[in-house]
Amino acid sequence: MHPPPLPDRSIEAYAAVTESERLERLRKLAATIGDARILHVNSTATGGGVAELLRSIVPLCRDLGLDDNWLVMDAGDDFFEVTKAIHNGLQGSGSPLTEEMVATYRDVNERNAAELEGTYDVVVVHDPQPLGMIESVREAMPEAEIVWRCHIDLTDPVEEYLTFVADDAERVDRAIFSRAAYGDAIDGPTKHVIHPSIDPLTAKNRSLDEATVTAECDRLDPLSFDAPLVTQVSRFDPWKDQFGTVEIYRRARESIPDLQLALVGAMAGDDPEGLELYERVAEETVDDPNVHVLTELPDEAVNVLQRRSDVVVQKSLREGFGLVVSEALWKRTPVVGSNVGGIPLQIEDGQNGYLVEPDDVSTAADRVVQLLEDDERRTTFGANAREHVREHFLLPRQLAELLAVFVEVLGRGS
Ligand code: UDP
């Protein structure tokens with residue numbers, strides 16, 4: 001396992017975007033946690049929502065004086081093929097789980113667990129990838145409280161994958177889910193619900209000055225910000241349904257001929273399906289100069305695209321939470337998104353965007369066209385969007401809820 005590089009973060013800086021009471025509460029919770037040693041373990045330092053969250057949470061906890069640590073598993077493609085199959089199985093599709101897959105999973109988990117040094121008071125394993133190390137963690141640190149932070153929608157899994165994961169998940173002390181319904185399938189640990197959040201101060205989400213926006217726009221040429229633009233930002237993953245987004249665009253273009261589509265996707269380090277899907281999407285759209293399939297963009301370019309698009313689409317078939325939705329809403333861009341997983345927590349239908357059923361491309365296209373043809377509605381939705389995210393989905397709120405769980409597991413509450 002290895003510690004990923006961490007950016008500097010200061011809790012003071014959040015005074016610009018959140019109420020002082022929230023920051024004060026964070027300081028109090030941190031003081032209660034005191035010198036407890038906390039470790040987060042996940043399987044990638046880049047790409048995807050979990051890495052995005054930890055990159056903010058860990059340095060902020062340190063700025064609050066906590067002994068907060070993050071280790072990323074070392075693993076090869078064979079392991080990530082297995083864990084992607086587990087992820088897909090938990091979301092409801094996939095091939096059978098073979099003995100060989102289980103052996104690969106156990107072997108890599110044991111090897112990583114064996115590298116753990118020292119002891120921690122709380123060990124948080126994120127998603128199913130490191131869940132296989134809990135037995136070794138228990139042996140090495142019998143006093144540690146083990147928390148499983150599950151970011152995945154478990155409401156409609158393939159049974160054998162759920163059974164496989166539940167076998168470990170039911171032996172942790174606490175489990176944290178992004179929505180209450182996701183935890184119904186797991187018995188045993190005390191359960192908590194914490195909605196994820198975005199960090200408003202990262203390069204991805206902060207306000208940008210005009211010069212930076214202009215420079216990033218120029219770099220995105222031939223994409224034009226003078227013609228209507230719809231964007232989806234997602235890993236290239238079958239669950240994000242980029243082909244469905246292309247279909248929405250094609251239908252919307254019948255009403256808006258100069259419409260452009262940007263499909264932006266990073267390759268997460270633990271997602272072996274990404275490259276293949278990227279190539280298939282690029283191939284599908286190669287003849288249309290108004291479709292831009294972009295990958296590995298710097299965070300500021302993603303920021304500009306979310307900010308300057310007229311509408312953002314999130315056509316997911318399944319979505320644990322979908323940070324990208326709040327990222328766009330925070331930038332005052334209305335979102336047309338599927339009514340799945342965490343998306344309906346973020347989109348208030350008819351207020352800051354529209355919810356559509358995941359198989360209803362036709363209504364999604366109509367909603368996109370309605371928004372593109374109505375500047376005033378986009379402005380109103382954009383203002384509502386900003387406030388909805390400010391109230392519910394900014395980092396200080398999530399961090400306070402997480403620290404409150406740590407206080408509870410450590411038995412340090414009053
Ligand atoms: N992301 C990015 N560049 C991309 C695609 C995605 O930076 O090209 C980021 C995106 O901005 C978000 C995260 O990856 O912060 C994806 O998190 P989300 O919860 O939406 O989905 P996940 O990938 O975890 O399923």
Side-chain angles (χ1 to χ4, degrees), residues 49 153 198 223 225 227-265 281 285 290-294 302 304-389 392-393:
D153 179 349
I198 62 163
L223 193 148
F225 290 88
L229 173 62
V230 168
T231 294
Q232 175 166 312
V233 178
S234 300
R235 285 179 297 108
F236 285 98
D237 174 319
W239 301 103
K240 309 291 184 182
D241 197 17
Q242 275 93 353
F243 286 104
T245 312
V246 170
E247 192 51 37
I248 293 172
Y249 152 80
R250 286 180 176 154
R251 290 186 189 216
R253 193 186 48 186
E254 290 167 15
S255 309
I256 305 191
D258 59 344
L259 183 60
Q260 307 167 94
L261 172 67
L263 288 171
V264 183
V281 172
T285 55
N290 282 347
V291 178
H292 304 269
V293 183
L294 306 166
V302 176
V304 166
L305 271 166
Q306 290 171 324
R307 192 173 290 283
R308 295 292 299 271
S309 294
D310 299 290
V311 176
V312 158
V313 167
Q314 192 57 38
K315 170 69 185 68
S316 307
L317 303 172
R318 287 263 164 172
E319 191 63 76
F321 182 73
L323 290 177
V324 284
V325 173
S326 277
E327 288 171 3
L329 294 174
W330 177 241
K331 296 165 190 123
R332 301 187 172 87
T333 305
V335 181
V336 175
S338 299
N339 191 10
V340 296
I343 296 177
L345 296 172
Q346 303 171 75
I347 296 181
E348 294 185 296
D349 190 50
Q351 300 295 317
N352 61 16
Y354 290 110
L355 286 168
V356 286
E357 292 312 306
D359 55 357
D360 190 355
V361 171
S362 159
T363 304
D366 289 347
R367 293 308 201 185
V368 167
V369 170
Q370 270 171 16
L371 282 165
L372 290 172
E373 287 178 338
D374 189 341
D375 294 351
E376 204 176 309
R377 188 180 318 205
R378 284 204 313 281
T379 306
T380 309
F381 277 28
N384 295 342
R386 176 88 172 180
E387 285 321 303
H388 188 60
V389 175
H392 300 286
F393 299 117

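Because only heavy atoms are used, hydrogens play no part in the values below, and waters and symmetry mates are left out as well, while side chains stay in.
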Quiz item: Are any side-chain N or O atoms of Q242 and backbone N or O atoms of L263, one a donor and one an acceptor, separated by less than 3.5 Å?
Solution: no
Quiz item: Would you say the side-chain atoms of D349 pair up with the backbone N or O of L355, donor to acceptor, closer than 3.5 Å?
Solution: yes
Heavy-atom distance under 4.5 Å between the side chains of [X] and [Y], does that happen here?
X    : Y    : answer
Y249 : V230 : no
R367 : V311 : no
L371 : Y354 : yes
R378 : D310 : yes

Drop me the distance from [X]'s [atom1] to [Y]'s [atom2], to the nearest 0.5 angstrom.
X    : Y    : atom1 : atom2 : answer
E387 : W330 : CD    : CH2   : 7.5 Å
L329 : H392 : CG    : NE2   : 11.5 Å
I198 : E327 : CD1   : CD    : 6.0 Å
T285 : N290 : OG1   : CG    : 11.0 Å
R318 : D153 : CZ    : CG    : 4.5 Å
L261 : H292 : CG    : NE2   : 8.5 Å

Quick one: list whatever passes side chain to side chain contact (heavy atoms under 4.5 Å, CB included) with [X], sequence neighbours left out.
X    : result
S362 : R251, D360, D366
A227 : S224, D258, Q260
D237 : K84, R235, W239, K240, D271

Shortest non-hydrogen contact between [X] and [Y], atoms and distance:
X    : Y    : value
P334 : F381 : CB-CB, 4.0 Å
F236 : G265 : CE1-CA, 3.4 Å
L372 : P228 : CD2-CB, 4.3 Å
Q306 : T333 : O-OG1, 2.6 Å
Q232 : S234 : NE2-OG, 3.3 Å
V335 : I347 : O-CD1, 3.5 Å

Self-check item: With sequence neighbours excluded, residues passing side-chain hydrogen bond (donor to acceptor under 3.5 Å, both in side chains) with S309
Solution: T231
Quiz item: Which residues satisfy the side-chain hydrogen bond (donor to acceptor under 3.5 Å, both in side chains) test with D374, sequence neighbours excluded?
Solution: R377
Quiz item: Can you tell which of V312, V264, V233 makes a side chain to side chain contact (heavy atoms under 4.5 Å, CB included) with L305?
Solution: V264
Practice problem: May I have the step-by-step check of side chain to side chain contact (heavy atoms under 4.5 Å, CB included) for F393 and H388, ending in yes or no? | Solution: CA-CA 8 Å; F393 299 117; H388 188 60; 3.8 Å; yes
Give every donor-acceptor pair under 3.5 Å between a side-chain atom in residues 337-346 and any protein atom, sequence neighbours left out.
unit_1: S338; atom_1: OG; unit_2: S316; atom_2: O; d: 2.8
unit_1: N339; atom_1: ND2; unit_2: E357; atom_2: OE2; d: 3.2
unit_1: Q346; atom_1: OE1; unit_2: S326; atom_2: N; d: 2.9
unit_1: Q346; atom_1: OE1; unit_2: S326; atom_2: OG; d: 2.7
unit_1: Q346; atom_1: NE2; unit_2: F321; atom_2: O; d: 2.9
unit_1: Q346; atom_1: NE2; unit_2: G322; atom_2: O; d: 3.2
unit_1: Q346; atom_1: NE2; unit_2: G342; atom_2: O; d: 3.2

